[in-house]
Amino acid sequence: MNQNQKTADSPLVSLVIPVYNSMPYLIETLDAIEQQGLDENQLEVILVNDGSTDGSEKVLADYAEKHPNYRLLNQPNSGGPADPCNKGIAAVTGKYFFVVGSDDVLTENALGDLAAYAEEHDSDIVLAKMAGINGRHAPGSMFKATKPDAHLVKDRLFNSLTAIKLFRTDLVTKTGAHNPTHLRIGSDQPFTAACYLVAKKISVRADRPFVMIRKRDDGKNVTSRPRTATEYSDLLTALVDVIIKWSEPGELRDGVLHRPVHGAMRKTLLPRFLDVDEHEQERIVSEMQRVVGPHFNDAVAAHLGSLERVKARLALAGRIEELRALIQWEKDGGKPRLAHDDGGFRLDLPQELAQNIGIEVLRDVKVVGVARLEGIATEGRTVNLDASAYVRDASVAPDSVVLRVRLRDSEQSIDYPVHTVQPATVDGAPGLRFHIDLDTSELIDGVWDLCIVQRFGSNELENRLGRNRSEGVTDERRSLVSADARTETGVAYFTKGYGNVSLDVGYTLLARTGPHAVVAGALDTGSGNRMALLRTGAANSLQITLQKEQSPTRPGADAAVAFLEDGLVAVDVPAGFRSIRVASPQGSVVLSVPEATPFSGEAPRMAQAQISSRRLVDTGAHAGRALARRLGIRRPKFLLRR
C-alpha cells in the first residue's frame, strides 16, 4: 500500500484543533494545514470551537465552509482545554490523529512525514520534535535522535506528556484514554500516559521541527498562569492512577513514576502548599498517601532530591505538622545542604527542626558525587590529569580523594594517590582540586576505566572521570608511547555516549586511528619557546596545529614546521603552548610537548636562539640534527619547508 494511501473509506490522518479565543494566531495555524503533503481524501480536520468570542468562531466557520474535509464542532465554553480535546478526538475517523494547539503551527509536510514514518515502521505513536516561537520552551530530552522503536524510560519519552504527537486511533479504543475535565492543568498527561503504556511501538522523529509551539504575546497561554498545590495534587492523582492501571509492578513502572513524583508531587509540596488552608493540606496529604504510598519504594524515591525526599517521607507518613514546619523553613529561605558525621550524610537543618523530624528520616538523602576533569595530557606512557571533586549540595569537602583505575570486566583495580591537593569551591560547593600522574607502564594490556573516589570518613563515593569536564578539554585521543618514543603502547580516549576517560593499554579494544605520531624530544630555543621533533609517517598529508595550556582551541593555532628525513618534523612551539594536534583524514591525536632536552657539550647559543618563521628552515635543520644525534637517530638531511 502507498505510504500515504487512504485506508478504506477513512482518511489516513485526522487533525484535531481545539479553539478558544485564538486570534490572531489562529489564521497562521489554519493556513499551515495546506502544506501538510496530504490531499483531502487523506486528511480530515476537526475544528472544535469552545465558545470563542474574539472572532475565532467566524474564522473557523469560513475555513470549514471552504474545505470539504473540515468539520466544525461548536459548543459553549467548557472552561478548559480538556473537553474540546475529548470531543475532537471522539470525532476522528482517521487511522491516526494529531492534536495541535490553535496558536501553534505545523511545519511544511509535518503530518505527511509523520504518517509515512508510522506506516513504514508500524508505529502506534510518533513523537514529533517541537521548537518554540516567541521564547516558548520546547522539550528536548527525548529528541536526541530519531528512533523507530524507542523505550519509555531509557529514551525519556515520559518527559513529554503533551498530546502533540501522532497517535494510532485504536489506542483510544483500547484504553478509553481521555483528558480528565476536572484537571485545570496537565489534562493531556493522563491521556498520553495511557496511550504510551499500551502502545506496542513508539517512534521518535528528531531530525527536524514538526510543530512550532507559541508563547503568546498577551501571556494567555493555558500554561502561563500560576498553579496551586490543589491543582498539582489533582494531576498527581490522575496520572498515578493511569500508570498503575496500565503497567505492572517493576522497573518500567518505577521508571515512569518519575514524571508524577518528580513533577506533580514535588511541586505540590513546594511553599505553595502553605497557601491553601489546613483542611485542604490534610486532604492533599491523605490523597498522596492513598495514591502514591503503596508504590513509593527506594527506586521511586531516587527520582527526588534530598529535601524533596524528606518532605515526601513526612507526607506519606502523615506527619503533617513536621511537613509544614519543613516547608515553612524552605519558604523562609532555607537551602538544602548535606552534612556528614559518623553515621554518614544527612540533611543539615536547624537543631529544633532536625530533632522533630528525626535522624532516620534526615539520613534518607540523595548523595551525588561529582568528579570533573580539568585537564588531560600524555607524556610517554604517563597520563597527566588535573581534576576536582565534590558532593552536590554538601557543606563539607571530602577528607581525601584517590584515582581508582579498574580493569574492565574484572574485579581488578588499582588506587593511585593524588598530588598538589588544594581545597576549592567547585560549583558553589566545598571540594578539592588535585593533580595525578598515572604511569601506565604498571598496567597490563586491557581497557582500564578511570574513577575518582571521594572519602568522607569510612564512606566512599566513586564517580567515573570525564563526563563532567572543563570546556577547554578536547575529546581527541591522547597517545601513549614507549620510553624510546618509537612505539605507541596504547591510548587515552573518551568513551562513546557517556564521554568518560578510559585507557586502552596495548590497543586491545580500539583500532589505532588517525596518524601515527610521537614526540621524539624538544629543544629549548629561549624565552620559553621550544622546538619539538615529531616522528610520523606521511608528514606532508598532516595538519599540525598548536593548543594552549589553559584554553585549547579547535583546530588550534597554525604551527610553523620543517620536514626532515626519516619521517621527522620540526615544530616551532612558542611559549604558552602545551600540546601539538596532528590530524589526518582518518582522525587526530594530541601530543604533549615535553620539557626541553638539555644538551651537554653543545654550544649554548643553540639553546638560547630565538626562532622566527624566516629562520625556521635553518634552525629546524640544526635542531633536528642535534636532537637526532642525542637520541641515536640517523642524522637527518633538511628537505622541505612548509
Side-chain angles (χ1 to χ4, degrees), residues 14-36 43-67 69-92 97-107 110-111 128 130-139 161-165 178-192 210-228 230-232 234-235:
S14 297
L15 176 63
V16 177
I17 308 178
V19 182
Y20 175 69
N21 287 355
S22 299
M23 292 295 290
Y25 315 106
L26 177 62
I27 293 176
E28 185 179 2
T29 300
L30 296 175
D31 284 347
I33 299 173
E34 296 296 315
Q35 307 299 321
Q36 293 309 301
L43 175 67
E44 79 171 343
V45 180
I46 299 174
L47 308 169
V48 185
N49 174 33
D50 193 38
S52 297
T53 58
D54 70 337
S56 296
E57 67 281 10
K58 297 178 182 178
V59 171
L60 293 174
D62 182 55
Y63 275 75
E65 183 177 356
K66 292 179 180 178
H67 300 279
N69 59 325
Y70 284 36
R71 282 194 285 157
L72 176 59
L73 307 178
N74 288 300
Q75 65 179 38
N77 181 251
S78 64
D83 184 73
C85 283
N86 290 336
K87 295 288 178 55
I89 293 170
V92 303
F97 69 88
F98 196 99
V99 180
V100 69
S102 56
D103 47 12
D104 300 330
V105 183
L106 292 164
T107 61
L111 294 181
M130 294 171 273
I133 301 175
N134 200 26
R136 175 81 178 271
H137 170 73
L161 288 179
T162 71
I164 306 177
K165 297 168 179 63
H178 65 286
N179 296 259
T181 56
H182 71 285
L183 294 183
R184 310 311 301 168
I185 59 170
S187 58
D188 51 351
Q189 293 187 24
F191 169 85
T192 303
F210 292 84
V211 187
M212 308 298 293
I213 56 176
R214 186 191 306 273
K215 179 181 179 181
R216 291 193 184 189
D217 294 326
D218 58 12
K220 292 184 179 179
N221 292 75
V222 174
T223 58
S224 63
R225 66 173 181 79
R227 319 292 179 78
T228 69
T230 297
E231 289 173 333
Y232 277 117
D234 291 344
L235 175 58

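Index from 1, following the sequence. In this text, all values refer to a predicted model and were calculated from it rather than measured experimentally.
Applying the side-chain contact (heavy atoms from CB on, under 4.5 Å) rule to Asp188 yields the partners Thr162, Ala163, Asn179; only residues at least two apart in sequence or on another chain are considered. Residues satisfying the ring pair (Phe, Tyr, Trp, His ring centres under 6.0 Å) test with Phe98, not counting sequence neighbours, are none. Shown here are the ring pair (Phe, Tyr, Trp, His ring centres under 6.0 Å) partners of Tyr63, two or more places apart in sequence or in another chain: there are none.
Here the shortest heavy-atom pairing between Thr192 and Leu161 reads OG1-O, 3.1 Å. Residues Ser78 and Gln75 share a closest heavy-atom pair of CB-NE2, 4.1 Å. Nearest heavy atom pair, residue Met130 against residue Pro139, reads CE-CG, 3.4 Å. Shown here for Asp50 and Gly79, the closest heavy-atom pair between the two residues is OD2-N, 4.2 Å.
Residues Ser22 and Ser52 have side chains not in contact (no heavy-atom distance under 4.5 Å, counting atoms from C-beta outward). Side-chain atoms of Leu183 and Pro190, non-hydrogen and from C-beta on, do get closer than 4.5 Å to each other. Val19 places none of its side-chain heavy atoms less than 4.5 Å from the side chain of Val59. Taking 4.5 Å as the limit, some side-chain heavy atom of Val99 sits within range of a side-chain heavy atom of Pro18. Between His67 and Val45, the closest side-chain pair of non-hydrogen atoms is not below 4.5 Å. Counting only heavy atoms from C-beta outward, the side chains of Leu26 and Leu60 approach each other to under 4.5 Å. You'll find the side chain of Asp62 reaches within 4.5 Å of the side chain of Lys66, heavy atoms only. Val48 places none of its side-chain heavy atoms less than 4.5 Å from the side chain of Asp83.
Taking OG from Ser187 and CG from Asn86, the interatomic distance works out to 8.0 Å, rounded to the nearest 0.5 Å. Once rounded to the nearest 0.5 Å, the distance linking OH of Tyr20 with OG1 of Thr53 reads 5.0 Å. The CG atom of Leu106 sits 8.0 Å away from atom OG1 of Thr29, with the distance rounded to the nearest 0.5 Å. Note that the CG atom of Asp103 and the CD1 atom of Ile17 stand 11.0 Å from one another [nearest 0.5 Å]. In this structure, Asp104 CG and Ile133 CD1 are separated by 7.0 Å, a value rounded to the nearest 0.5 Å. Atom CG of Asp234 and atom CZ of Arg184 lie 10.5 Å apart (nearest 0.5 Å).
Side chain of Arg136 to main chain of Lys215: no donor-acceptor pair is present (N/O by atom type, distance under 3.5 Å, no hydrogens or angles). Under the 3.5 Å distance criterion, the side-chain polar atoms of Thr107 are left unmatched by any main-chain donor or acceptor of Ala110.
The environment of CD in Glu34 is crowded: more than 12 heavy-atom neighbours from other residues, nucleotides or ligands sit within 6.0 Å.
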